[in-house]
Visitor: 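Below you'll find the structure I mean.
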Amino acid sequence: MLNIKVIEDKKHIKDLGLDLIDDCEVSFKYIKGISEKSKDLIKLIDKADYVDDKTITDRFGDKTFIDNLSTGCKTAICVVEYPDKWINTLECGLNALNAILTTCDEGNIIILDTGWDIPQTFGSKISVCVDGKEFKKISDMNEYIREGE
Amino acid sequence: MFNAGRTIFNINIKLNPGIYVFDDESATGKTRLYKELKDDSSLYNRVLAVNPADLRLGVDVNTLIKNGNHELIVLDRYDRMDGIDKDVLINASKHAIILIDCKDTSDWVYGTDFCRIQMNRNGIEVYK
């Protein structure tokens, strides 16, 4: 199950005392040999195809450096490849957040409550735990976060 | 309005001077926009493109904005930037288009508008 902590102020993220990956742009560089799930996320979020540890084929069919993946995609890959760490998803767009929720069935993420509902871009079925409560649908999780209970 | 005037992978910003935040969506071309503008030395006097790595190298963004007369300012990964003076941005927005990649709504400058970005094989367009 994907574990989620929701915070309202990004300044306090380090006060949580978690084993944290705060900047995925940095941590992504150290990943060697990504899993099939991460390759799926590259396809889903960036519409690109994984070639090897250094290259992808982008949405226009051009070969380019894997470092040119979006920050949201790199964050999603960190959720998969660092399952024992808490991943700060502050820089994820709502589509990337949805991709993480609907694709990742393990791992740990921190979400900043910006007031926006997470959309159902790639699907609505999830298996997550927020504050000890389990959610199977994005709409239910959004309602819980919105109500602040 | 801002047009980079390039024949290959052009950048066209169809906005009036002001402060704009991109839509909250990943993989739309925001960082590509930053990299293309930063790497193009022909745009040096017209454009300021900054990301957190630039700040770590000691770039004084506030002074650059205050002393420059840029047509376009792009702040990539703004959520990770500390020390940007919002009053400097507000003043600059009278003559410059300021595009900000910022997911944390509490960091938005008062009066910020939304913009959309579209990237294809031939370039990037930003509009309302």
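The chains referred to below are lettered A, B, ... by the order of the sequence lines, with proteins before strands, and numbering in each begins at 1.
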Visitor: A quick test of your reading: do over 12 heavy atoms of other residues, nucleotides or ligands sit less than 6.0 Å from OH of Y44(B)?
Guide: no

Visitor: Who among P119(A), G115(A), S70(A), G61(A) has the most heavy-atom pairs with chain B under 4.5 Å?
Guide: S70(A)

Visitor: Are Y20(B) and L89(B) co-members of a hydrophobic cluster defined by side-chain heavy atoms under 4.5 Å apart?
Guide: no

Visitor: Which residues pass the salt bridge (Lys or Arg N to Asp or Glu O under 4.0 Å) test with K30(B), not counting sequence neighbours?
Guide: none

Visitor: State whether the side chain of N95(A) and the backbone N or O of S26(B) hold a donor-acceptor pair below 3.5 Å, judged by distance alone.
Guide: yes

Visitor: Answer with side chain, backbone, both or neither: which region of D22(A) has an atom nearer than 4.5 Å to a non-hydrogen atom of chain B?
Guide: both

Visitor: Heavy-atom distances under 4.5 Å only: say whether T71(A) touches chain B with side chain, backbone, both or neither.
Guide: side chain

Visitor: Quick check: are there more than 12 heavy atoms from other residues, nucleotides or ligands sitting under 6.0 Å from CZ of R116(B)?
Guide: no

Visitor: Using every non-hydrogen atom in the two residues, find where D67(A) and K35(B) come nearest and quote the distance to one decimal.
Guide: O-NZ, 4.1 Å

Visitor: Could you tell me whether K14(A) atom NZ has more than 12 heavy atoms of other residues or ligands within 6.0 Å of it?
Guide: no

Visitor: Would K11(A) and D82(B) pass as an ion pair if we require N to O under 4.0 Å?
Guide: no

Visitor: Using side-chain heavy atoms (C-beta onward) and a distance below 4.5 Å, is E25(B) in contact with T121(A)?
Guide: no

Visitor: Could you tell me which portion of L112(A) (side chain, backbone, both or neither) has an atom closer than 4.5 angstrom to a non-hydrogen atom of chain B?
Guide: side chain

Visitor: If you count heavy-atom pairs under 4.5 Å with chain A, which of D23(B), D79(B), T31(B), D24(B) comes out on top?
Guide: D24(B)

Visitor: Does D23(A) pair with R77(B) as a salt bridge, N-O distance under 4.0 Å?
Guide: yes

Visitor: Determine whether V47(B) and I84(B) fall in the same hydrophobic cluster, where Ile, Leu, Val, Met, Phe, Trp and Tyr are linked whenever their side-chain heavy atoms lie under 4.5 Å apart.
Guide: no

Visitor: Picking from C92(A), A48(A), A99(A), which has the most non-hydrogen pairs under 4.5 angstrom with chain B?
Guide: C92(A)

Visitor: Applying side-chain contact (heavy atoms from CB on, under 4.5 Å), run through F60(A) and M119(B) and close with a yes or a no.
Guide: CA-CA 10 Å; F60(A) 308 120; M119(B) 179 172 66; 4.2 Å; yes

Visitor: Does L2(A) belong to the same Ile/Leu/Val/Met/Phe/Trp/Tyr cluster as W86(A), with side-chain heavy atoms less than 4.5 Å apart forming each link?
Guide: no

Visitor: Is there a path from I13(B) to Y78(B) through hydrophobic residues (I, L, V, M, F, W, Y) whose side chains come within less than 4.5 Å of each other?
Guide: no

Visitor: Roughly how far, to the nearest 0.5 Å, is the CD atom of E8(A) from the CG atom of D104(B)?
Guide: 11.5 Å

